[in-house]
Student: 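The structure under discussion is supplied below as structure tokens; questions concerning it will follow.
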Amino acid sequence: MNTEIVIINPENFRDSLGELRRGAEIICNGGLVVFPTETVYGLGGDATNPDAARKIYEAKGRPSDNPLIIHISRPEDAEKYTYTSDMYYKLADRFMPGPLTVIMPSKESVAITVRAGLSTVAVRCPVNPIANKLIELAGVPIAAPSANLSGSPSPTCGRHVIADMNGRVDMIIDGGSSDIGVESTIVKINSDNSLTLLRPGAVTLEDLRSITPHVDVADAVLHSLKEGETVLSPGMKYKHYAPRAEFTLLDGNAVSRLNYVKEKTAENPGLRTAVLCFSEDIDGFSDITDSKLIFNVGKSDDLRMQAHTLFYCLRTADEYGSDRIFAPLPTTDGLGMALYNRMLRAAAHKIVKL
Ligand code: TXA
Ligand code: MG
């Protein structure tokens, strides 16, 4: 398939309405368009068209029992596709448009293939102006998973999206680097109006608890699944976000991390070793490994920068042919929970206690 690639600056997206109209037309005709959002790039198709959903699963190489999020341009559009509640509007007033996805009972208008046969559907209203305008122009909700090939880290820049999706979709909109860098927070509204956090993101557990104290965290968010365990969100059971290189999390302080990586590189000097490190810790690593394999993820207390760079660094380490990657194990407060959740999966739960 020939993929049209267009570059749009989110700050001047109004100069590119022609391209966005063309993208919207592709969606309405059952085609696929990759578009930027504030979290990660999405692989979009018409959520009311069962064939478009099938094409999405195919382009991504995704099992079709893992449902898709539908993207709307205004929070109140959820009415057309779901049975909303007061709790939805409490969440929407505070966090939408933005990086929050809410799971509610679905109406029939959402293609069953989008929901992977479930009675519920996940709804999100992105704030990125390109995403928001594309949805508005399409006039239909856009079903979109992250625009990576299934299993690899979500793309957060044009280069990474083109690497995975060129030739698989009708159009790719390159809107630059994703602001947040990790996928949206997913929360389910239960029948008693309590919430279950299924995937942490930039809307934190603390943020959700400021709306209602009744928020629990699904087990799979911070722990490994036991053999045969059932999951609340089908996506939890799949291997996720993993770079090709072996990825290991180091649970220790700056000194013990540096010493450990030193030891490992001395043991195996032939391996290309990449490290994700905090800006204050960079110096020590330059004697150990190739400088382009040392990724500055921001200051140790700058969780936003760490989220912004995580997938970018993992994918870039792969592009540079790294054999293995080491990174500090994050804590789980605030945005740290999202980092911990993604890094644990990317590392297939490999943590070295130092
Ligand atoms: O930030 C994001 O959410 C990005 C951008 C593109 O919006 N999208 C994204 O989609 O991360 P995806 O498909 O990669 O992840 C959606 C997750 C999957 O793990 C899926 O299992 C879960 O949401 N999900 C979708 N619908 C669900 C439902 N009805 N019940 C439970 N989990 C659901
Ligand atoms: Mg994904």
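Just so you know, these numbers come straight off a predicted model, no measurement behind them. In each ligand, atom 1 is the first atom listed, and ligand 1 is the first ligand listed.
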Student: Indicate yes or no: does an N/O atom of T120 lie under 3.5 Å from an N/O atom of ligand 1?
Tutor: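 Such a contact does occur with ligand 1.
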Student: Among side-chain atoms of R199 and T101, is any donor-acceptor pair under 3.5 angstrom?
Tutor: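 No, no side-chain donor-acceptor pair sits under 3.5 Å.
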Student: Would you name the heavy atoms of H308 and S177 that are closest together and state the gap between them?
Tutor: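 That would be CE1-OG, 3.2 Å.
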Student: Is it the case that R272 and S322 place a side-chain donor and acceptor less than 3.5 Å from each other?
Tutor: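 No, because no side-chain N or O of R272 sits under 3.5 Å from a partner of the opposite role on S322.
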Student: Closer than 4.0 Å to some heavy atom of L118 - which atoms of ligand 1 meet that?
Tutor: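 Those qualifying, in numeric order: 28 (C), 29 (N), 30 (N).
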Student: Using a heavy-atom cut-off of under 4.0 Å, does the side chain or the backbone of R199 touch ligand 1, or both, or neither?
Tutor: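 The side chain, only.
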Student: Just jot down the ligand 1 atoms closer than 4.0 angstrom to any heavy atom of S146, in number order.
Tutor: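 Heavy-atom distances to S146 below 4.0 Å select 8 (N), 9 (C), 10 (O), 12 (P), 14 (O).
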Student: For a quick test of your reading: what N or O donor-acceptor pairs under 3.5 Å do the side chains of residues 161-172 make, sequence neighbours left out?
Tutor:
{"from": "D164", "atom 1": "OD1", "to": "R315", "atom 2": "NH2", "distance (Å)": "2.8"}
{"from": "D164", "atom 1": "OD2", "to": "L149", "atom 2": "N", "distance (Å)": "2.9"}
{"from": "D164", "atom 1": "OD2", "to": "R315", "atom 2": "NH1", "distance (Å)": "3.2"}
{"from": "D164", "atom 1": "OD2", "to": "R315", "atom 2": "NH2", "distance (Å)": "3.3"}
{"from": "R168", "atom 1": "NH1", "to": "A59", "atom 2": "O", "distance (Å)": "2.9"}
{"from": "D170", "atom 1": "OD2", "to": "L32", "atom 2": "N", "distance (Å)": "2.8"}

Student: Using distance alone, determine whether K60 and ligand 1 share an N or O pair under 3.5 Å.
Tutor: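 In this structure, K60 places no N or O atom under 3.5 Å from an N or O of ligand 1.
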Student: Check if R124 has a non-hydrogen atom at a distance under 4.0 Å from any atom of ligand 1.
Tutor: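 Per 4.0 Å heavy-atom rule, R124 contacts ligand 1.
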Student: What part of R62, side chain, backbone, both or neither, has a heavy atom within less than 4.0 angstrom of ligand 1?
Tutor: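 Contact part for R62 vs ligand 1: side chain (C-beta onward).
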Student: To which of N66, T39, T196 does the heavy atom nearest atom 1 (O) of ligand 1 belong?
Tutor: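 Among N66, T39, T196, the closest heavy atom to atom 1 (O) of ligand 1 comes from T39.
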Student: N/O/S of N148 less than 2.8 Å from the Mg ion (ligand 2)?
Tutor: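 N148 does not place any N, O or S atom closer than 2.8 Å to the Mg ion (ligand 2).
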Student: Under 4.0 Å from ligand 1, counting heavy atoms only, is it the side chain of K188, its backbone, both or neither?
Tutor: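 Within the 4.0 Å criterion, K188 makes no contact with ligand 1.
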Student: Go through the structure and list residues passing side-chain hydrogen bond (donor to acceptor under 3.5 Å, both in side chains) with D51, not counting sequence neighbours.
Tutor: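 So D51 forms a side-chain hydrogen bond (donor to acceptor under 3.5 Å, both in side chains) with R54.
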Student: For atom 27 (C) of ligand 1, which candidate among P63, P67, G117, A218 provides the closest heavy atom?
Tutor: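 Nearest heavy atom to atom 27 (C) of ligand 1 lies in P67.
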Student: Which one holds for L43 and ligand 1: side chain close, backbone close, both close, or neither close, with close meaning a heavy atom under 4.0 Å?
Tutor: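 The answer is neither.
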Student: Kindly confirm or rule out an N or O of T37 lying under 3.5 angstrom from an N or O of ligand 1.
Tutor: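 The answer is no, given that T37 and ligand 1 share no N or O pair closer than 3.5 Å.
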